[in-house]
Amino acid sequence: MPPAGFVHRKLTGTVSKMPPMEQQQVPALTRPDGSPLRLLVVDDEVNIAELIAMALRYEGWQVTTAHTGSKAVAAAKESRPDAVVLDIMLPDFDGMEVLRRLRSGDPGVPVLFLTARDAVEDRVAGLTAGGDDYVTKPFSLEEVVARLRALMRRAGAQQAASSSLLSVGDLTLDEDSREVFRAGAEISLTATEFELLRFLMRNPRRVLSKAQILDRVWNYDFGGQANVVELYISYLRKKIDAGREPMIHTMRGAGYVLKPAS
């Protein structure tokens, strides 16, 4: 399995490593009503689409993915995204046609093109067709996030109120005070335990692999260090779940998930 921050298209790297989002301290953007921004990510490479989706979910976006042009159009009709990340090369019809169909239903939706083509005429063609910006492969996840944020600011997205509180069920974590409570009872965590819990709480109900956790919490690549994740998950369970209905669950062969107690 490749490290969580990388993916390869054949023999050429298409996504480069991005530093952990929590270190950037960038305020989240939201819709005018305060709800999460909705993003549609369209790429025929499932790994690329999922890595982009994970990075933006970590930023607070609500993300839908599609891997063909026809599924992208259908997903857009259902989810009504605030922005679209769109690969030009798709297996059924290309990104230009997807854009045309998207804009027929939502003329103002911002679109960020992804393309492996680096010729000037190809980039110009994407922008002339109505794309708002483009990123050429190979690209960094950090660049994709930054360009999307810029597009959304221009489109009028609001900066979220500076709430530092994460909540999942009866579990709350304050990123500023670094206090953690479950059902009103304070829980004392070490610095590493806190970072691990924060990553889990920023991705509730999502199965996170050991490689993903290593990359985001410890900031180094997966390479025989899975026991570190297992050890700290066990530490967290003793503090978060002890004597209570469990919130941290092991998905055998896949990773770990945090979800509200039923």
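In this text, all values refer to a predicted model and were calculated from it rather than measured experimentally. Throughout, numbering of the chain's residues begins at 1 and tracks the sequence.
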Grab the two heavy atoms, one from [X] and one from [Y], that are nearest each other, plus how far apart they are.
X      : Y      : result
Gly60  : Pro36  : O-CB, 3.4 Å
Ala55  : Val145 : CB-CG2, 4.4 Å
Ala76  : Pro81  : O-CD, 3.5 Å
Leu40  : Ala75  : CD1-CB, 3.9 Å
Phe93  : Gly69  : CZ-C, 3.4 Å
Pro204 : Val168 : CB-CG2, 4.0 Å

Shared hydrophobic cluster for [X] and [Y] (ILVMFWY, side-chain gaps under 4.5 Å):
X      : Y      : value
Leu231 : Phe199 : yes
Val63  : Leu151 : yes
Leu86  : Met89  : yes
Ile187 : Tyr235 : yes
Val85  : Val135 : yes

Would a 4.5 Å heavy-atom cut-off, applied to side chains only, mark [X] and [Y] as touching?
X      : Y      : value
Asp43  : Lys137 : yes
Thr65  : Glu50  : yes
Ile233 : Tyr256 : yes
Tyr134 : Leu114 : no
Leu171 : Met201 : yes
Leu99  : Phe113 : yes
Val84  : Leu102 : yes
Asp94  : Glu97  : yes

**Message:** Pair Val111, Arg103 - check side-chain contact (heavy atoms from CB on, under 4.5 Å), show working.
**Reply:** CA-CA 10 Å; Val111 173; Arg103 287 280 169 77; 3.9 Å; yes
**Asked** Do other residues, nucleotides or ligands put more than 12 heavy atoms under 6.0 Å from Glu78 CD?
**Response** no
**Message:** Is there a side-chain contact (heavy atoms from CB on, under 4.5 Å) between Val144 and Phe139? Walk through the geometry before answering.
**Reply:** CA-CA 8 Å; Val144 171; Phe139 56 83; 3.4 Å; yes
What distance do [X] atom [atom1] and [Y] atom [atom2] have between them, rounded to the nearest 0.5 Å?
X      : Y      : atom1 : atom2 : answer
Ile213 : Leu200 : CD1   : CG    : 5.5 Å
Asp92  : Thr68  : CG    : OG1   : 4.5 Å
Leu189 : Glu179 : CG    : CD    : 11.5 Å
Thr190 : Leu236 : OG1   : CG    : 8.0 Å

Is a donor on one side and an acceptor on the other found under 3.5 Å between the side chain of [X] and the backbone of [Y]?
X      : Y      : value
Gln212 : Ser209 : yes
His67  : Val46  : no
Lys239 : Ser188 : yes
Asp87  : Val42  : no
Glu230 : Asn227 : no
Asp82  : Arg38  : yes
Asn203 : Arg206 : no

**Request:** Go through the steps for Leu173 and Phe194 under the test side-chain contact (heavy atoms from CB on, under 4.5 Å), then give the verdict.
**Result:** CA-CA 9 Å; Leu173 178 151; Phe194 181 89; 3.6 Å; yes
Check residues 240-248 and write down every donor-acceptor pair under 3.5 Å in which the side-chain atom is one partner and the other belongs to a residue at least two apart or another chain.
residue, atom, partner, partner atom, Å
Asp241, OD1, Arg182, NH1, 3.1
Asp241, OD1, Met247, N, 2.9
Asp241, OD2, Met247, N, 3.3
Asp241, OD2, Ile248, N, 3.2
Arg244, NH1, Ile240, O, 3.3
Glu245, OE2, Ser262, N, 3.4
Glu245, OE2, Ser262, OG, 2.7

**Message:** Apply side-chain contact (heavy atoms from CB on, under 4.5 Å) to residues Thr64 and Leu39 and explain how you reach the verdict.
**Reply:** CA-CA 6 Å; Thr64 302; Leu39 177 69; over 6 Å; no
**Prompt:** Under 4.0 Å between a Lys/Arg side-chain N and an Asp/Glu carboxylate O for Arg216 and Glu195?
**Reply:**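 Between Glu195 and Arg216 there is no salt bridge, as every charged N stays at least 4.0 Å from the carboxylate O atoms.
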**Prompt:** Does the distance from a Lys or Arg side-chain N to an Asp or Glu carboxylate O, for Arg202 and Glu175, drop under 4.0 Å?
**Reply:** yes
**Request:** Consider only side-chain N and O atoms of Glu142 and Ser140, and report whether a donor and an acceptor are under 3.5 Å apart.
**Result:** no
**Item:** Stepwise side chain to side chain donor-acceptor pair (under 3.5 Å) test for Ser70 and Arg101
**Value:** CA-CA 10 Å; Ser70 57; Arg101 298 189 188 190; over 6 Å; no
